[in-house]
Amino acid sequence: MLKTGAILNFLVAAGHLACLPWLYPVLSIYRIDGIMETLALRYGAAIPYLLTVAIAFIFAVFGLYGLSGAGIIRRLPLLETGIYTIATLFLLRAVAGVAEMAVTGCALLADSTAAFPAVVGTLYLLGGRRKFGRQESE
């Protein structure tokens with residue numbers, strides 16, 4: 001499960017980087033183009049690109065923690081905490097996406113992506129339980 005979650009995180013990281021040449025049309029799909037334009041005007045035109053690269057980096061780190069938890073690469077620091085933190089972040093993102101859809105009554109492409117973080121969060125949560133779950137004494 002952690003290996004699958006890691007692969008999904010690496011795909012999302014690569015997707016963020018692949019969007020860089022078409023960043024503003026992609027931002028408009030997710031309805032954050034206005035926010036990014038404001039940041040670009042206030043702090044410089046490079047900010048939306050730098051934020052996108054930083055987000056890709058974070059997803060890549062999440063992927064590395066998944067691979068580490070799966071035993072594919074060496075054990076990373078605070079592995080158990082990292083796996084459960086990643087699971088929590090993804091599951092909270094899924095809940096926020098569902099809440100936004102409920103409040104707005106809108107299920108656009110950006111809103112329907114609540115399913116992806118739910119899947120990844122569940123993979124990390126169940127993978128973490130499998131790896132770190134405590135065995136009860138018999």
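In this chain, residues are counted from 1 in sequence order.
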Take L91 and Y124 through the test side-chain contact (heavy atoms from CB on, under 4.5 Å) and record every step on the way to the result. CA-CA 10 Å; L91 292 171; Y124 273 74; over 6 Å; no
Check the pair I83, K131 against side-chain contact (heavy atoms from CB on, under 4.5 Å), reporting the backbone distance first and the verdict last. CA-CA 10 Å; I83 293 295; K131 172 123 181 123; over 6 Å; no
Criterion side-chain contact (heavy atoms from CB on, under 4.5 Å) on T85 and F90, from CA distance to verdict: CA-CA 9 Å; T85 299; F90 274 105; over 6 Å; no
Take F10 and L67, measure what side-chain contact (heavy atoms from CB on, under 4.5 Å) needs, and give me the verdict at the end. CA-CA 10 Å; F10 288 129; L67 291 181; 3.5 Å; yes
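The two residues R75 and F132 come nearest to each other via the heavy atoms NH1-CE2, 4.1 Å. Looking at every heavy atom in both residues, H16 comes nearest to I55 through NE2-CG2, 3.5 Å. Of all heavy-atom pairs spanning L20 and Y49, the tightest one is O-CE2, 3.3 Å. Between A56 and A13, the shortest heavy-atom contact is O-CB, 3.3 Å. Pairing each heavy atom of Y24 with each of P48, the nearest pair is OH-CG, 3.2 Å. Heavy atoms only, all atoms of each residue included: T4 and L123 are closest at CG2-CD1, 3.8 Å.
Under the 4.5 Å side-chain heavy-atom criterion for grouping Ile, Leu, Val, Met, Phe, Trp and Tyr, F62 is not connected to L92 through any hydrophobic cluster. V98 and V95 fall into different hydrophobic clusters, where Ile, Leu, Val, Met, Phe, Trp and Tyr are joined by side-chain heavy atoms under 4.5 Å apart, directly or via other members.
Note that OG1 of T88 is 7.5 Å distant from CG of L125, once rounded to the nearest 0.5 Å. In this structure, E37 CD and L27 CG are separated by 8.5 Å, a value rounded to the nearest 0.5 Å. Here the CG atom belonging to L2 is positioned 9.0 Å from the CZ atom belonging to R130, to the nearest 0.5 angstrom. Annotation: the span from L76 atom CG to T81 atom OG1 amounts to 12.5 Å, rounded to 0.5 Å. Atoms OG and CD1, from S68 and I73 in turn, are 5.0 Å apart once rounded to the nearest 0.5 Å. Note that the CE atom of M1 and the OG1 atom of T122 stand 10.5 Å from one another [nearest 0.5 Å].
Other residues, nucleotides and ligands contribute at most 12 non-hydrogen atoms within 6.0 Å of the OH atom of Y43.
A side-chain donor-acceptor contact under 3.5 Å links Y65 to the backbone of P77. Judged by distance alone, with hydrogens and angles left aside, the side-chain atoms of S28 form no donor-acceptor pair with the main-chain N or O of D33 at under 3.5 Å. Judged purely by atom type and a 3.5 angstrom limit, Y84 uses its side chain to pair as donor or acceptor with the backbone of R129.
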